[in-house]
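Index from 1, following the sequence.
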Amino acid sequence: MNHWSGERGLAVVLVACAMALPAGAAELDPTTGYTLVRNLMSEVKKERKQAAEELIAAGDASLVPAIVDAYFFTPQLYRDEMRDVLEALTGESYRSYKDWVEYVGRSDIEPKERYVEWKALMFQRSDPDYTRIFYPGAPAKIRLQEVISGGVPVDGIPSLDDPPVIPADEANYLNRNERVFGVVVNGEARAYPHRFLSWHEMLNDVVGGEPVVLSYCTLCGSGILYSGETAGGERRLMGTSGLLYRSNKLMFDHDTYSLWSNITGEAVVGRMAAANARLQVLPMTVTTWGEWQERHPDTTVLDLEGVEEAMEHLPYRFPYRPGAADTARRGVEFPVWQQSDALPRDTEIFAIEINGVPKAYPVERLIVHGVVNDEVGGIPIVLLADAESGAVRAYQAANHTFERNASGVLVDETGTAWKVTESGLEASDSDRVLPRLPNGHIAYWFGWYGFYPQTEVWEG
């Protein structure tokens, strides 16, 4: 098989490849093309200059994505020739890596053949394990030219795996207004404070006898709970790949090293992508510890001391204080080429997709209304927002219209009261249950729009 195997393999190619190009060549073969791009990264100016001249002469725009990848891994001191080539091949002029990534995103340039191998070559500079993700012929359901490094290696952000928990009345370290991810599975309630997930971003646990995966993309504010059970009934453990797609984290599974999208739950690169695998979404509520504990007094919650002890093997310590991770991450953002000014970039929305129709509800507007009756994808729904905790829950509404009565009780158009639970709305006059819509979740506007530019926006 004709492909590279890491830097050593490329070194062999560099030695074997004659760098001269046929006169008037317009399209370079993959070996020659990628070798020239690799030479653009050289510390030797003469090599960079020669590579630039040959790339410009060839005019092969299919190498633009590879050059932008190389830009990230090349020190500022050696980027002049790289910019010259990019400008010559695209007619654009940018100085920052972010701008070039956005250009590649919005352009229709298709990368040169064997681009997945080039991707492995670049990313393995951070971690050799990337060759297990980007292997020759690896299937992809996303545009690989938009996959970029988040600056950490595979599993460089350690997941919380089966973290220790304690009863609610023992969690003296939490205050009522602290944000938590609230989960109920098979009748068992558990709370995962933001202060932990803001550092770890990924959690594998078992709740109510069922394996679950909580994936939290801190960059785009998207926390989603997935089932951790495979189609074969086995447990699937997930981790953080260190890679991003449109500023949204890409997860990986420890079994196949396939990449999965945080925001869609879809396998997007690797064996599981070829199998069209998608994670099952489970209901989860972003709320305050006070609201969650009142609703679920029997809930368990992460044990602060236990988690600290479990992380003692790491060469660094996480300060598990509310907001500490957000402070450390302040100002960090990554390029997203699909943007909209319909809402401010970091507006917190409740996002949902039903029957292929995506819709965004600004959380502040939902809180003003409290109860919102709407229709998405032909399905009547009701959204309930709590002003004190900021929690938003969405349910199927069937043929009902809901409101809060003078006592704050949820009632339908007939005056029948309904009990609000984490799994559904329960009628007081019968055994009728309207199920929770599990795929509704909180996100930042820019993060949602980057994946769903056709999204509707609720005007309120």
Side-chain angles (χ1 to χ4, degrees), residues 168 176 179-191 207-208 210 223-225 227 280-299 348-355 357-442 456 458-460:
R176 284 185 51 81
R179 234 180 187 192
V180 301
F181 296 100
V183 173
V184 175
V185 181
N186 296 329
E188 182 177 2
R190 184 159 298 165
V207 184
E210 182 174 338
I224 306 177
L225 185 73
S227 170
Q280 177 190 354
V281 186
L282 301 176
M284 183 176 72
T285 305
V286 180
T287 184
T288 61
W289 171 237
E291 194 255 9
W292 185 257
Q293 190 176 10
E294 287 175 6
R295 284 178 172 271
H296 307 283
D298 59 343
T299 188
E348 196 169 57
I349 63 167
F350 184 81
I352 196 165
E353 181 188 19
I354 302 176
N355 293 335
V357 178
K359 195 160 186 176
Y361 298 82
V363 172
E364 285 189 358
R365 297 180 193 170
L366 287 175
I367 288 175
V368 169
H369 287 75
V371 180
V372 172
N373 297 282
D374 201 7
E375 182 178 295
V376 180
I379 303 298
I381 69 172
V382 59
L383 299 99
L384 308 179
D386 181 72
E388 184 176 350
S389 67
V392 179
R393 298 170 173 88
Y395 302 85
Q396 290 188 25
N399 58 341
H400 297 290
T401 301
F402 292 92
E403 64 178 2
R404 295 280 185 184
N405 64 18
S407 301
V409 176
L410 186 71
V411 296
D412 64 20
E413 69 286 347
T414 68
T416 301
W418 293 74
K419 180 182 178 181
V420 179
T421 76
E422 303 302 331
S423 59
L425 301 178
E426 300 176 357
S428 61
D429 65 348
S430 66
D431 59 358
R432 289 177 296 161
V433 176
L434 296 175
R436 176 91 175 263
L437 293 167
N439 59 331
H441 67 276
I442 301 295
E456 301 176 19
W458 180 68
E459 298 297 336

Student: With respect to Trp292, which candidate in Thr299, Thr285, Thr287 satisfies the side-chain hydrogen bond (donor to acceptor under 3.5 Å, both in side chains) definition?
Tutor: Thr299
Student: What's the spacing between Asp298 CG and His296 NE2 if we round to 0.5 Å?
Tutor: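 It is 8.0 Å, given to the nearest 0.5 Å.
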Student: Which heavy atom of Val207 sits nearest a heavy atom of Glu188, and at what distance?
Tutor: CG1-O, 3.5 Å
Student: Before you tell me yes or no, could you show the steps for Arg436 and Arg393 under side chain to side chain contact (heavy atoms under 4.5 Å, CB included), namely the whole-Å CA-CA distance, both residues' side-chain angles and the distance that decides it to 0.1 Å?
Tutor: CA-CA 8 Å; Arg436 176 91 175 263; Arg393 298 170 173 88; 3.7 Å; yes
Student: For Pro283 and Glu422, work out which heavy atoms get closest and say how close.
Tutor: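 Looks like CB-O, 3.9 Å.
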Student: Is it the case that Thr288 and Glu388 place a side-chain donor and acceptor less than 3.5 Å from each other?
Tutor: no
Student: Please report the shortest heavy-atom distance between Val433 and Gly424, naming the atom on each side.
Tutor: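 Here Val433 and Gly424 meet closest at CG1-CA, 4.3 Å.
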Student: Specify the closest pair of heavy atoms between Ala168 and Trp289, including all atoms of both residues, with the distance to one decimal.
Tutor: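 Taking every non-hydrogen atom into account, CB-CH2, 3.7 Å.
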Student: Classify the ring geometry of Phe402 against Trp418: parallel below 30°, tilted from 30° to 60°, perpendicular beyond 60°.
Tutor: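 Perpendicular: the ring planes of Phe402 and Trp418 meet at over 60°.
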Student: Consider only side-chain N and O atoms of Thr414 and Thr416, and report whether a donor and an acceptor are under 3.5 Å apart.
Tutor: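 Thr416 and Thr414 do have a side-chain donor-acceptor pair below 3.5 Å.
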Student: Which residue is it: Leu437, Leu384, Leu410? I am looking for the one with a side-chain contact (heavy atoms from CB on, under 4.5 Å) to Tyr395.
Tutor: Leu384
Student: Return the set of residues passing salt bridge (Lys or Arg N to Asp or Glu O under 4.0 Å) with Glu456 (not counting sequence neighbours), or none when no residue passes.
Tutor: Lys359
Student: If you measure from CD1 on Ile224 to CE on Met284, what distance do you get to the nearest 0.5 Å?
Tutor: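 If we round to the nearest 0.5 Å, Ile224:CD1 and Met284:CE are 7.5 Å apart.
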Student: Please identify which of these residues, Ile367, Leu366, Val286, Ile349, meets the side-chain contact (heavy atoms from CB on, under 4.5 Å) condition with Val392.
Tutor: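 When side-chain contact (heavy atoms from CB on, under 4.5 Å) is applied between Val392 and each of Ile367, Leu366, Val286, Ile349, only Leu366 qualifies.
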Student: Does Glu348 come within less than 4.0 Å of Arg365, counting only side-chain N to carboxylate O?
Tutor: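 A salt bridge is absent here (no side-chain N lies under 4.0 Å from a carboxylate O).
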Student: Any chance you could measure Asn355, atom CG, to Ile379, atom CD1, to the nearest 0.5 Å?
Tutor: 5.0 Å
Student: With heavy-atom distances below 4.5 Å as the criterion, would you say the side chains of Pro438 and Leu282 are in contact?
Tutor: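 A side-chain contact under 4.5 Å is absent here.
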Student: Just so I know, are the side chains of Pro362 and Glu364 near enough to count as touching, which here means a heavy-atom distance under 4.5 Å?
Tutor: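 Sidechains of Glu364 and Pro362: no contact.
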Student: Measure the spacing between CD1 of Ile381 and CD of Glu375 and express it to the nearest 0.5 Å.
Tutor: 9.0 Å
Student: With distance as the sole test, does Ser407 use its side chain to make a donor-acceptor pair with the main-chain N or O of Val409 at under 3.5 Å?
Tutor: no
Student: Would you find a donor on one side and an acceptor on the other, under 3.5 Å apart, between the side chain of Glu413 and the backbone of Thr401?
Tutor: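 Judged by distance alone, yes, a pair lies under 3.5 Å.
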Student: Hey, could you give me the CD/OG distance between Glu210 and Ser227, rounded to the nearest 0.5 Å?
Tutor: 4.5 Å
Student: Would you say Val420 and Arg295 make side-chain contact, with heavy atoms under 4.5 Å?
Tutor: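 In contact.
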Student: What residues form a salt bridge (Lys or Arg N to Asp or Glu O under 4.0 Å) with Glu294, not counting sequence neighbours?
Tutor: Arg176
Student: Where do Phe350 and Leu383 land on the side chain to side chain contact (heavy atoms under 4.5 Å, CB included) test, with the steps shown first?
Tutor: CA-CA 10 Å; Phe350 184 81; Leu383 299 99; 3.6 Å; yes
Student: Specify the closest pair of heavy atoms between Val371 and Val382, including all atoms of both residues, with the distance to one decimal.
Tutor: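 Smallest heavy-atom distance, with atoms named: CG1-CG2, 3.8 Å.
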Student: In sequence, state the C-alpha distance, the side-chain angles, and the governing distance for His400 and Leu434, and then conclude on side chain to side chain contact (heavy atoms under 4.5 Å, CB included).
Tutor: CA-CA 10 Å; His400 297 290; Leu434 296 175; 4.1 Å; yes
Student: For His441 versus Asn439, what's the shortest heavy-atom pair and its separation?
Tutor: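 Looking at all heavy atoms of both residues, the shortest contact is ND1-O, 3.4 Å.
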